[in-house]
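This report concerns only the one structure given below.
In what follows, chains are A, B, ... by sequence order, proteins preceding strands, each numbered from 1.
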Amino acid sequence: MYSQKVMDHFMNPRNMGEIEQASGVGTVGNAKCGDIMRMYIQVENDIITDVKFKTFGCGAAVATSSMATELVKGKTIEEALKITNKSVAEALDGLPPVKVHCSLLAEEALHAALWDYAQKHNLHIEGLEPPKEDIHEHEAENPKE
Amino acid sequence: MYSQKVMDHFMNPRNMGEIEQASGVGTVGNAKCGDIMRMYIQVENDIITDVKFKTFGCGAAVATSSMATELVKGKTIEEALKITNKSVAEALDGLPPVKVHCSLLAEEALHAALWDYAQKHNLHIEGLEPPKEDIHEHEAENPKE
Amino acid sequence: MNKIYLDHAATTPTRSEVVDAMLPYFTQQFGNPSSVYEVARINRKAVDEARSMVANALGATSDEIFFTSGGTEADNWAIKGIAEAYEQKGKHIITSAIEHHAVLHTCQYLEKKGYQVTYLPVDEYGQISIQDLKEAIQEDTILITIMYANNEIGTIQPIEAIGKIAKEHNIIFHTDAVQAVGHVPIHVKEMNIDLLSLSGHKLYGPKGIGALYIRKGVRIKPFIHGGAQERNRRAGTENVPAIVGLAKAIELSMKEMEESNHKIIELRDYLIKGIQEAIPHIRLNGHPTERLPGNVNFSFRFIEGESLLIGLDMHGIYASSGSACTSGSLDPSHVLLAIGLPHEIAHGSLRITLGPENTKEEMNYVLETLPKIVQRLRDMSPLYEDFLRAQS
Amino acid sequence: MNKIYLDHAATTPTRSEVVDAMLPYFTQQFGNPSSVYEVARINRKAVDEARSMVANALGATSDEIFFTSGGTEADNWAIKGIAEAYEQKGKHIITSAIEHHAVLHTCQYLEKKGYQVTYLPVDEYGQISIQDLKEAIQEDTILITIMYANNEIGTIQPIEAIGKIAKEHNIIFHTDAVQAVGHVPIHVKEMNIDLLSLSGHKLYGPKGIGALYIRKGVRIKPFIHGGAQERNRRAGTENVPAIVGLAKAIELSMKEMEESNHKIIELRDYLIKGIQEAIPHIRLNGHPTERLPGNVNFSFRFIEGESLLIGLDMHGIYASSGSACTSGSLDPSHVLLAIGLPHEIAHGSLRITLGPENTKEEMNYVLETLPKIVQRLRDMSPLYEDFLRAQS
Ligand SMILES: Cc1ncc(COP(=O)(O)O)c(C=O)c1O
Ligand SMILES: Cc1ncc(COP(=O)(O)O)c(C=O)c1O
């Protein structure tokens, strides 16, 4: 059900790991729902010079994490903020409909890491909102008629 | 679903036809229900010397008619009255459960022919009752749960 | 002895191309299509492809096709599922007097549950009247369920006209097209059909598989509850081989329909004419033109259908008297009664349904054999005796 | 690459003996068993024989077996059919928290229709308590429906004890034995089972066929209305090839059960021991002894099941995480939650279900591969990172 790209990023995740003294760290998701993503970013002169992730989750969660870090790396904060779930999913040649919710993590984790960076450095980043408590809360239950 | 005997009596019915000046004729059944049997008997000295039938009905109806005439032929009236649906069906090596109702005709037709004979000759035959109006009336509908 | 199968409306053989298409899914590609792993993907794809093949044949889209265990389940689901979904709107259903038992008994069941059902009468040819339909519509009518083509007498209903009226009145329209799909052209959109039932074994596909077309936007409750299969609408592990087989059979029948019907109609008309010329006191049942290509249905006065069938059977000819389902019951077919036949004539009916493998030689054999059997049974019949006596 | 199928609880391949038994009924003996003519007799006989083969396997009689389109339909029929037949007596049903969705969702549907359902909890091994069952019984309890063996964790329920209590209280007892028939010995009379569901594709038979055993004397309403098939209780043209295949599969599985289980249990225990030795932070789910021969179910902390499955898949190993039906849903398996696992641990579960064609070599390959995949996923997991940090 997954695209070749998804499978590739799942089997060979890019930027998996930790950054010891990261500029920002964001953890989103919820073990209850089966997916947690943590993103570490290194920021230098407004540019995300390094990024790493750890993910507990399904194949789609892992692949979107990996793809998101690829898209983010080397970007300015402003550019990075333009990366959406949709663009991550598209870069992966799409996700099965039931798995789209997993791609929400990537955007949220990036924002959470940036928020952490901003908090630590007392910065205001235009357009950035504080991380949600629970990323799945706003999702309606799959209607089962 | 029919026994070999039933098939044989259906394909080669014994005593099929009419008796021109019969001692008694009985017609039972109901075209509405899909089966009518007519039995002609010739009685001499209390003995059924000849018997013929005509039947409109299913394979079981034809076969029971044929078998009934075989059982009746040459019997005294008293003996003939002992022939029941059950004995006709048994002589045919049984009938499928859904077809048992067709075998009711044979006994009734014989009784109706004997009744006709008795009426015509002003006789009383012990144990013989007047023919029923509609042989199927007493049957309950197949319960379809 | 020749063996001549003339009962294609009861069931058809599964075509060898269909069996071949099914076989790999029993032993090699046997996985559960709901599984995550890659091998199951082949199964999922096979089911998806089958779904779009079925959709194509009906002028529907893939996401409007739901596989069921056959025509009966599809009928039950359509009627009960709509009744339940729209019970707030109303509890009135319109159907016809000549539906298959899968529809009739389901409607009768709903009557016991407090629904009201109108059974539209049919004319002597087996068609409902559009005027009757219009007059039957009430404020609380939620469903019109009228079969596409009748399984006994082959009559085709004015489906497009029914669809139009249903649409005008904003009433859901279901059609039991079990006898029609693969035999006559159908387009659910052009005909305003909201739900349509079909069955594999009536079109040279396997038994135990069918489908319900549900137009997008129609609310319907599930009938079989459980797993999330068929997009949460029909639970139960997908019958992959049968689904693949059904699709293959539909595809082939669409491709060959025109050619096959040309041949079948010629045979049918030859047989009808031959029987009419050879045997007196008979009646052709069904519509003279609006009828299924393969359907021949006659009533033979003074004789009973089952003995006629057995007689034919003894000569290697396999036909039917009314619906296969009704055999073993005491009553004559409700369809024949609905077109106005008296009981005793309804009892004497014969249904012959042709398929593309039948030949003119076979028809000639029937035309040789049938009159003899009919005569033999008439000679045996007290009704015929009475008739002759009244004549003389 | 090896291809190792370890998901026999999701579905099994159809045995070649079974396919061979089915084949003639597609193309040669394709007739409708309800037909009158002689050729249909062969089909009728095949169906009758199949019925008695299934009956024999359960300790039932032929007239207590009714064919359905699968386990899901059998469950739906049993529960809805009893609910409807006994609604005058009461509207209370007792089931367990770990039933298959075919039972759970049917019960939830009935709740919406005004029935009251008690979902008995299970202990950490997945068994209900007989004391709980006794206490749950009310004046108006009409049905106890408890599965024979669980599809995810393999736990076998105390069926005989449940049957005894049901009988004492004069309550109908249905068991979903879809995972048990053909795998463990069952005797419906000795166990006081009133209704039992089974499915072909879980025991090397075809998909799309199942059966409901209904003890003589149990009143039940039909679920699918239509023709008079299955003695007026289940309408729809009989799926003759699949019925024949189901019976053949059951016959073979009964004959080979002892030998096959001996082998499977040995493999299972070898695998369980191997995994326990190789991988820390895991939990064996299900009952230590009262479990299906082929079932292995572990939770691996800090990782998520689907990625584990895909990892195994990439190495040619086909397993499952919870029920095949629940994949694609957000929630972890209700069964794993019911035995008390926290959500995040429930998410990290792996089900391996063995069949007689599996080998020790295959187990060794799994024991080689699985620990590496688990380790890789743990290295990727923020939960594991946190755990290690907390340790140090
Ligand atoms: C018109 C019609 N509807 C429904 C059915 C039932 O279909 P199935 O046999 O697939 O259950 C049949 C055939 O039996 C039929 O002819
Ligand atoms: C315990 C149990 N009950 C019911 C079912 C449903 O059976 P089927 O797939 O035949 O509909 C399954 C399998 O899917 C099962 O494991």
What are the two closest non-hydrogen atoms of C:Gly31 and D:Thr11, and how far apart are they? C-CG2, 3.6 Å
When the 4.5 angstrom heavy-atom criterion is applied to C:Ile310 and chain D, the contacting part is side chain
Does any non-hydrogen side-chain atom of D:Met22 lie less than 4.5 Å from one of C:Phe26? yes
For C:Lys221 and D:Tyr109: C-alpha separation, side-chain torsions, deciding distance, then whether side-chain contact (heavy atoms from CB on, under 4.5 Å) applies. CA-CA 10 Å; C:Lys221 293 284 180 184; D:Tyr109 166 79; over 6 Å; no
Part of C:Thr12 within contact of chain D (heavy atom distance under 4.5 Å): backbone
Using non-hydrogen atoms and a 4.5 Å limit, figure out which bit of D:Asn76 sits close to chain C: side chain, backbone, both or neither. side chain
For the residue pair D:Ser69 and C:Arg234, what are the closest heavy atoms and their distance? OG-NH2, 3.3 Å
Given heavy-atom pairs under 4.5 angstrom as the criterion, report whether the side chain, backbone, both or neither of D:Gln29 touches chain C. neither
Are the side chain of C:His101 and the backbone N or O of D:Gly227 linked by a donor-acceptor pair below 3.5 Å? no
Interface residue of largest heavy-atom contact number with chain D, from C:Gly208, C:Pro206, C:Gly245, under 4.5 Å: C:Gly208
At a 4.5 Å cut-off on heavy atoms, which part of D:Ala242 comes close to chain C: side chain, backbone, both, or neither? neither
Contact winner vs chain C - D:Gln108, D:Lys80, D:Glu306, heavy-atom pairs under 4.5 Å: D:Lys80
Does any N or O in the side chain of C:Lys207 come within less than 3.5 Å of the main-chain N or O of D:Phe30, such that one atom is a donor and the other an acceptor? yes
Criterion salt bridge (charged side-chain N to carboxylate O under 4.0 Å, His left out) on D:Lys112 and C:Glu84, from CA distance to verdict: CA-CA 12 Å; D:Lys112 279 192 237 149; C:Glu84 209 177 313; over 6 Å; no
Under 4.5 Å to a heavy atom of chain D? For C:Glu238 that would be backbone
Side chain, backbone, both or neither: which part of D:Leu23 has an atom under 4.5 Å from a heavy atom of chain C? side chain
Atom group of D:Ala319 that falls short of 4.5 Å from chain C, counting heavy atoms: backbone
Atom pair CG/CD1 of C:Asp75 and D:Ile224 - distance to nearest 0.5 Å: 10.5 Å
D:Thr72 side, atom OG1; C:His225 side, atom NE2 - distance, nearest 0.5 Å: 12.0 Å
Residue part contacting chain C, namely of D:Leu104, when any heavy atom lies under 4.5 Å: neither
Would you mind checking which part of D:Tyr204 comes under 4.5 Å of any heavy atom in chain C, side chain (CB onward), backbone (N, CA, C, O), both or neither? neither
